[in-house]
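Below is one structure, written out as structure tokens, with a few remarks after it.
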Amino acid sequence: MDKTFYLAFSGLIMVAAGITLFFSEKLGIESSKILMPGFMLIAGISSFIFSKYDKLPKIANQYHMAQGIGLIIYSVIILSSATSLKIFLMISIYFILMYGLFELVFAFGVLNSKHKINKDILMSRIVAGGLNLLGGFILLITSLNNERSGLLITSALIIIGGLSQVLFIRKLKAKLL
């Protein structure tokens, strides 16, 4: 099986996690409290498996390994600590802001490396990082005023993050072929 499958799968599973959040009232809060972090755990494991792909530069392997570990940690914290919607949103705000910063640090790390730079891939990571940072601040402001709206924004940001990975893998596959 092509290892790029794992990153695409990770992105699609993140989309499923976001959709679970979006429809959490219809699915049931108790079901959503298990499904969403479960999906994020699977997404993290898939990203971690992708980090072992030998056709990637070392810095990309390190990035995807850290990404996978981050998603796994996020899911475990959500499962173990999110006892209310407010706590869930605060954990998610922190995660989304850190994820955005991580994307930007990675992009600038690539600029400082000796690897040949694919500008499309680099720009997609910079845009993803910027959107996550901006989205995290919007989420923070919104969640302080209305937790339900914060939940909807969290779901949208997770869906966007998953779609970003799916689009990223398309660019990566085009580069590798």
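Here ring pair (Phe, Tyr, Trp, His ring centres under 6.0 Å) pairs that include residues 127-162, with residues two or more places apart or in two chains, number zero. The list of side chain to side chain donor-acceptor pair (under 3.5 Å) pairs with a residue in residues 82-107, not counting sequence neighbours, reads Y63-E103, Q67-Y99, Y74-S92, E103-R125.
In terms of heavy atoms, S10 sits closest to L71 at OG-CD1, 4.3 Å. In terms of heavy-atom proximity, I126 sits nearest to A107 at CG1-CB, 3.4 Å. Across every non-hydrogen atom of L21 and L151, the tightest pair is CD2-CD1, 3.8 Å. Residues G100 and N132 come closest through the heavy atom pair CA-CB, 3.5 Å. Closest non-hydrogen pair, I158 versus M14, comes out as CG2-O, 3.1 Å.
Between F9 and Y6, the gap from one ring centroid to the other reaches at least 6.0 Å.
Partners of E30 by side-chain hydrogen bond (donor to acceptor under 3.5 Å, both in side chains), not counting sequence neighbours: none found. For L140, the side-chain contact (heavy atoms from CB on, under 4.5 Å) test picks out I93, L144, with sequence neighbours left out. Partners of S46 under the side-chain hydrogen bond (donor to acceptor under 3.5 Å, both in side chains) rule, at least two apart in sequence or in another chain, do not exist in this structure. For the side-chain hydrogen bond (donor to acceptor under 3.5 Å, both in side chains) test, no residue two or more places apart in sequence or in another chain qualifies with T154.
Not a single donor-acceptor pair under 3.5 Å links the side chain of S164 to the backbone N or O of I160.
I153 contributes atom CD1, which lies 9.5 Å from atom CG of L89 (distance to the nearest 0.5 angstrom).
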